[in-house]
Asker: 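The structure under discussion is supplied below as structure tokens; questions concerning it will follow.
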Number of protein chains: 2
Amino acid sequence: MLPNPTASAEVASGASPWDQVADRLRAGGLRWTPQRRTLIEVLREHEGHVTASALIARCKERDRTTTPSTVYRTLDLLEELGLVRHGHGHDGREEYHILPDQVHGHLYCGGCGKTWEIRPETGAVIVEALASQLGFAVDLSHVTISGRCAGCHD
Amino acid sequence: MLPNPTASAEVASGASPWDQVADRLRAGGLRWTPQRRTLIEVLREHEGHVTASALIARCKERDRTTTPSTVYRTLDLLEELGLVRHGHGHDGREEYHILPDQVHGHLYCGGCGKTWEIRPETGAVIVEALASQLGFAVDLSHVTISGRCAGCHD
DNA sequence: TTTGCTATTGCAACATGTTGCGGGCTCTGC
DNA sequence: GCAGAGCCCGCAACATGTTGCAATAGCAAA
């Protein structure tokens, strides 16, 4: 593990955004609790997307007393801090994008059940189409678009 | 409104696709029950989109003994018959499109909370982008895309 | 260290869907 | 119009989220 400099100004290269969570919370008059620590630890172990229920399960492994409402509330907080983003899978269930580096959408194939990310170039076409035709600023990351992939056409 | 070209055979003028439901069910060895009749009656009164819970509530008004599981199961059946299509609203809750004349997507504005339909021309751009770049056949009707409308930009 | 403010937790209840099961009802064949 | 076959219903239990409330516990000031 890296040493933890906890710089208040800019982050030294190599530091993880998670290291600052405690301070960022306290700076806002919020609190650093064992339950929040547990969730952060779990999130550090993941990348990409995780369902809410998977996160709850992992938290329970570390702390048997974990309750779902606390996890959901903490995730809301982390979303406000920009550390996660929530979206909905093809079936409407919640999914969390961890440390979203860039906004990207998702495709779900009803044939094979796989999920793909929409590459920025492709996403840009969609965003642009809705922006120019309707003046609508799309947040592609919120939903999973369904359909059939190239390998599953009829 | 356009006439509805859904069925392969022609529909006599004035006839509603709902009139054929009973026969179409029986033709498949399925049954025409009071619970199904109630739901059909409710669906006839609606157009466009309805949430599942709204349908359940309306069914309960007509028949106090309505149970949710029956409604959901019947809606699944009707979806197989092509009379409704389900999708997910911006919050992941189920929504049903009644008598979908053409596939269309939906936009939800997180600012004002309104929902718009994506016009076929606009939808075509999106479908085309994903088809040509990824070979992915999008079903736009399944999800509600979130964002901010022209009136709600910052 | 102690004290006090109040953010946070865990519980309980609720909302929305899903699923397995036993008994009842629809339909068909006679 | 009766009886048999099996589709369907309602129930109960569960899965996933959300919300209100009283009690707890973080944090900072004294």
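A note on names: the letters A, B, ... follow the listed sequences, proteins ahead of strands, and every chain is numbered from 1.
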Asker: Within this structure, what is the NZ-to-P distance between B:K60 and C:dT16, rounded to whole angstrom?
Answerer: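 My rounded result for the distance is 10 Å.
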Asker: Can A:R58 and A:D63 be counted as an ion pair, charged N to O under 4.0 angstrom?
Answerer: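 Salt bridge flag = no for A:D63 with A:R58.
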Asker: Would you find more than 12 non-hydrogen atoms of other residues, nucleotides or ligands less than 6.0 Å from A:E121 atom CD?
Answerer: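 Enclosed.
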Asker: How close or far is atom C1' of D:dA15 from atom CD of B:E94, stated in whole angstroms?
Answerer: 14 Å
Asker: Using atom types as modelled and distance alone, determine if a side-chain donor or acceptor of B:R85 lies under 3.5 Å from a backbone N or O of B:I98.
Answerer: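 Checked: no pair found.
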Asker: Look at the side chain of A:S69 and decide which nucleotide, out of C:dG17, C:dT9, C:dC11, has an atom nearest to it.
Answerer: C:dC11
Asker: Here's a test of your reading of the structure: between B:L77 and A:T51, which maps to the more 5' nucleotide of DNA chain D?
Answerer: B:L77
Asker: From the list D:dC7, D:dC27, D:dC11, which nucleotide is the closest neighbour of the side chain of B:R31?
Answerer: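 It is D:dC7.
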Asker: Among the nucleotides C:dT9, D:dC7, D:dC27, which one has an atom lying closest to any side-chain atom of B:L30?
Answerer: D:dC7
Asker: Tell me what B:G92 touches on the nucleic acid: a base, only sugar-phosphate, or nothing, going by heavy atoms under 4.0 Å.
Answerer: nothing
Asker: A:R93 has an atom CZ; how far is it from atom P of D:dG17, in whole Å?
Answerer: 6 Å
Asker: For B:R26 and B:S53, take the nucleotide of DNA chain C holding the closest heavy atom to each; which residue's nucleotide lies nearer the 5' end?
Answerer: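 Per heavy-atom nearest nucleotide, the more 5' residue is B:S53.
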Asker: May I ask you to verify whether the side chain of A:R73 and the base of D:dG17 hold a donor-acceptor pair under 3.5 Å?
Answerer: no
Asker: Round to the nearest Å and state the distance from A:I56 atom CD1 to C:dG10 atom P.
Answerer: 13 Å
Asker: Check whether any side-chain nitrogen or oxygen of A:T70 sits under 4.0 Å from OP1 or OP2 of C:dG10, and answer yes or no.
Answerer: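 True: A:T70 side-chain N/O within range (under 4.0 Å) of C:dG10 OP1/OP2.
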Asker: Roughly how many Å is it from NE2 in A:H86 to C1' in D:dT16, rounded to a whole number?
Answerer: 14 Å
Asker: Map B:P68 and B:T33 onto DNA chain C by nearest heavy atom, then report which one ends up closer to the 5' terminus.
Answerer: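 Here B:P68 is the residue nearer the 5' end.
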Asker: Has A:Y72 got a side-chain N or O lying under 4.0 Å from the OP1 or OP2 atom of D:dG17?
Answerer: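 Looking at the OP1 and OP2 atoms of D:dG17, one of them is under 4.0 Å from a side-chain N or O of A:Y72.
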Asker: State whether B:R36 places a side-chain N or O below 4.0 Å from either non-bridging phosphate oxygen (OP1 or OP2) of D:dC9.
Answerer: yes
Asker: CG of B:D63 versus C1' of D:dC8: gap in Å, rounded?
Answerer: 15 Å
Asker: Give the rounded distance in Å between these two atoms: CG of B:D76 and P of C:dT16.
Answerer: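 Value for this atom pair: 18 Å.
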Asker: Check this for me: does any side-chain nitrogen of one of A:E80 and A:R24 sit under 4.0 Å from a carboxylate oxygen of the other?
Answerer: no
Asker: Whole-Å distance between D:dC27 P and A:R37 CZ?
Answerer: 9 Å
Asker: Checking side chain to side chain contact (heavy atoms under 4.5 Å, CB included) against A:V84, which of A:L99, A:T74, A:L78 comes through?
Answerer: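 Of the listed options, the one satisfying the test is A:L78.
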Asker: Is any side-chain N or O of A:Q35 closer than 4.0 Å to OP1 or OP2 of C:dG10?
Answerer: yes
